[in-house]
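These notes concern the structure reproduced below.
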2 protein chains.
Amino acid sequence: MAQTLRIPRSDNRLPQILDEAARLFREKGYAATSMRDIAAAVDMLPGSLYYHFAAKEDLLVAVYEEGVRLITEKVRAAVARHEEPWLRLEAAAVAHLEALLKTGDYALVVIRVLPQDVPKAAARLVKLRDGYDALFAELVAALPLPPETDRQSLRLLLLGALNWSQHWFRESGRHSPRSIARSFLRLLRDAQKI
Amino acid sequence: MAQTLRIPRSDNRLPQILDEAARLFREKGYAATSMRDIAAAVDMLPGSLYYHFAAKEDLLVAVYEEGVRLITEKVRAAVARHEEPWLRLEAAAVAHLEALLKTGDYALVVIRVLPQDVPKAAARLVKLRDGYDALFAELVAALPLPPETDRQSLRLLLLGALNWSQHWFRESGRHSPRSIARSFLRLLRDAQKI
DNA sequence: AGACAAAACGAACGACTGTTTGCTTTATAG
DNA sequence: CTATAAAGCAAACAGTCGTTCGTTTTGTCT
């Protein structure tokens, strides 16, 4: 009863499919990207994609999961390098923004494509997002703040501003994702040092 | 040579078309909303919409313009009621958020539908957005701040967080758009009073 | 070399897309 | 009442959509 090991074929094209799907979903959004667009980008016929994914929405979920995984990983690693709560939050903000604006595609899909755009997979997408949000909630909870400070607002203010940056950020020598995140954090931190 | 006055027909349905288009664009996004969806919502045949608008993108531009007009109007009125720069900015933030989260549809389309979603009209949409952004830039410029403060970051931080609120805000007794905007502004203002 | 599964092809399906066109209804003005 | 223009209907156009399926190619293991 020798079990047949499913050894993946040598040169699997699945990563390439995910890459191009992520790029297109980010550029044009979910609804405006067709399976034919993705197939053409990886030089395949449209039907062939269905060997790898049962439906378009499954392709998005796969990209989404990878996006959340990537950004979570980067933020966790950055946070672990510091002890002081404000420094940990700053490291998280910098890592978050760099993941969005430099790693690109995968992470941006997560904040560009709304769960409501994909009704059948909405629940899964929301769950993925929430898991990530909890990470920031912990960091904010650890901050030494005056008791009257609204920690929830602080988190929403910071994370909202970071996510919105996708709409105005342009690569330039003057402003990097890192400098922007630090600038945001300085504006917030100084308020609490009174 | 009596000029023929084009008096609008008594019960024009154009406002109704715009209302439903705004609602659908906000709910499902631009690409996922079909002309047939809009036509069905106003109880018309799809082709009839083309008497009012030459193309789908023109319908979006019309909604967009109305959205920018509405929110600009509300913010201007709110700002005019105050003299002190921080109070003026707070009034603007409250009005902005209330326009987004309470007026609904029209204003939300402006921040939900990206110019890049409608390539042919992208330039016009960007122009409309920028005009509104300038309003906030003026308010931030008027703030009495220490010289080292990054005013651009302050504006981007605030406006980004306000716009992002569409993604997490839920109507509830505890948090109103007004209280959220004020909470955000307090976090920022306190930093500058050192 | 032969066996076998993974991977992709080729072609089509029914449904839906934005839009056009000629005709009819409807409301107003003279 | 009648002329006239606004507004909407009815039907179709060419194209694109996500998806299916039988067949063929490709790569790997024995």
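To find a chain, count down the sequence lines: A is the first, B the second, and so on, and within it residues start at 1. Bear in mind that the values here come from a model prediction, so they are computed numbers and not experimental data.
Computed from coordinates, the A:I38 CD1 to D:dG18 P distance equals 8 Å when rounded to whole Å. Put simply, CZ on A:F53 is 13 Å from P on D:dT19, counting in whole angstrom units.
Applying the ring-ring contact (aromatic ring centres under 6.0 Å, His included) test to pairs two or more places apart or on separate chains, none has a residue in residues 45-85 of chain A. Residue pairs meeting the ring-ring contact (aromatic ring centres under 6.0 Å, His included) criterion with at least one partner in residues 91-136 of chain A, sequence neighbours excluded, are A:H96-A:Y132, A:H96-A:F136, A:Y132-A:F136.
By the side chain to side chain contact (heavy atoms under 4.5 Å, CB included) test, B:E20 is found to be paired with B:R23, B:A41, B:V42, residues two or more places apart in sequence or in another chain being considered. Residues satisfying the salt bridge (charged side-chain N to carboxylate O under 4.0 Å, His left out) test with B:R69, not counting sequence neighbours, are B:E66, B:E73.
The nearest pair of heavy atoms linking B:T33 to B:K56 is O-NZ, 2.7 Å.
For the segment residues 113-120 of chain B, no residue has any heavy atom less than 4.0 angstrom from an atom of DNA chain C.
Heavy atoms from other residues, nucleotides or ligands lying under 6.0 Å from CZ of A:R151 number more than 12.
Distances shorter than 4.0 Å separate none of the side-chain N or O atoms of A:H52 from OP1 or OP2 on C:dA6. For A:R13, a side-chain nitrogen or oxygen approaches OP1 or OP2 of C:dA8 to under 4.0 Å. OP1 or OP2 of D:dT16 has not a single side-chain nitrogen or oxygen of A:S34 nearer than 4.0 Å. Taking side-chain N and O atoms only, B:Y51 has no distance below 4.0 Å to OP1 or OP2 of D:dG8.
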task: At under 4.0 Å between heavy atoms, which parts of nucleotides 19-24 of chain C does protein reach? Answer with one letter per nucleotide, 5' to 3': B base, S sugar-phosphate only, - none.
output: BB----

message: Checking B:K74 against B:E98 for the salt bridge (charged side-chain N to carboxylate O under 4.0 Å, His left out) test, could you report, in this order, the C-alpha distance in whole Å, the side-chain angles of both residues, the deciding distance, and whether it holds?
response: CA-CA 9 Å; B:K74 295 217 175 198; B:E98 287 190 337; over 6 Å; no

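The NZ atom of A:K28 sits 6.0 Å away from the OG atom of A:S34 when rounded to the nearest 0.5 Å.
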